[in-house]
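Note sheet for the following structure.
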Amino acid sequence: MRHWNLTGKNERNEGQLAKRRSGALGVLAILDRHLQDHDFLSNSRYSLADIAVYAYTHLAGESGLDMAPFVALNHWINRIGDLVGDAIPVRYYSEDSFSGRDL
């Protein structure tokens, strides 16, 4: 959904958006419920699970999803973001992203 949203492909994929949005919100709700009682995903400390899930989850709002209801998840995103830092930049794509241009 993020790719479609950022590259203007939502309209051409409209038939799939409702199902994907519902699935994404369901997964975010599961994560939020878990993180209400846990600081990290798989154990009591930062792990590969946090790194892997953070990679996509911290950008979920760019898919057009409202992230505000997921309070525990947003706290986790901020906590993991502080640990990850900004040393690895997010690369954005567009229709012409394969031309070698960073957008």
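Only this structure's heavy atoms are used, side chains among them; waters, hydrogens and symmetry mates stay out.
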Restricting to side chain to side chain contact (heavy atoms under 4.5 Å, CB included), what partner residues turn up for [X], sequence neighbours left out?
X: Val84; result: Tyr46, Tyr54, Ile80
X: Ser42; result: Ser47, Ala49
X: Glu62; result: Arg2, Leu6, Leu59, Tyr92
X: Asp82; result: none

Exercise for the section: Scan for ring-ring contact (aromatic ring centres under 6.0 Å, His included) pairs involving residues 59-82, sequence neighbours excluded, and state none if there are none. Expected result: none
Problem - Atom of Met67, atom of Leu28 and distance for their closest heavy-atom approach - result: SD-CD1, 3.7 Å
Problem - Closest heavy-atom pair and its distance - Arg79, His38 - result: NH2-O, 4.2 Å
Handout entry: Shared hydrophobic cluster for Phe40 and Val27 (ILVMFWY, side-chain gaps under 4.5 Å)
Key = yes
Exercise for the section: Indicate if Ile51 and Leu83 have the same hydrophobic cluster label, given that clusters are the connected sets of ILVMFWY residues with side-chain heavy-atom separations under 4.5 angstrom. Expected result: yes
Practice task
Write out all pairs satisfying salt bridge (charged side-chain N to carboxylate O under 4.0 Å, His left out) with one or both partners inside residues 44-59, taking only residues at least two apart or from two chains.
Solution key: none
Problem - Residues in side-chain hydrogen bond (donor to acceptor under 3.5 Å, both in side chains) contact with Asp32, at least two apart in sequence or another chain - result: Gln36
Exercise for the section: For the pair Ser63 (side chain) and Ala60 (backbone), establish whether a donor and an acceptor sit closer than 3.5 Å, ignoring hydrogens and angles. Expected result: yes
Handout entry: Leu41 and Leu31: CA distance, side-chain angles, deciding distance, side-chain contact (heavy atoms from CB on, under 4.5 Å) verdict
Key = CA-CA 8 Å; Leu41 291 178; Leu31 288 167; 3.8 Å; yes
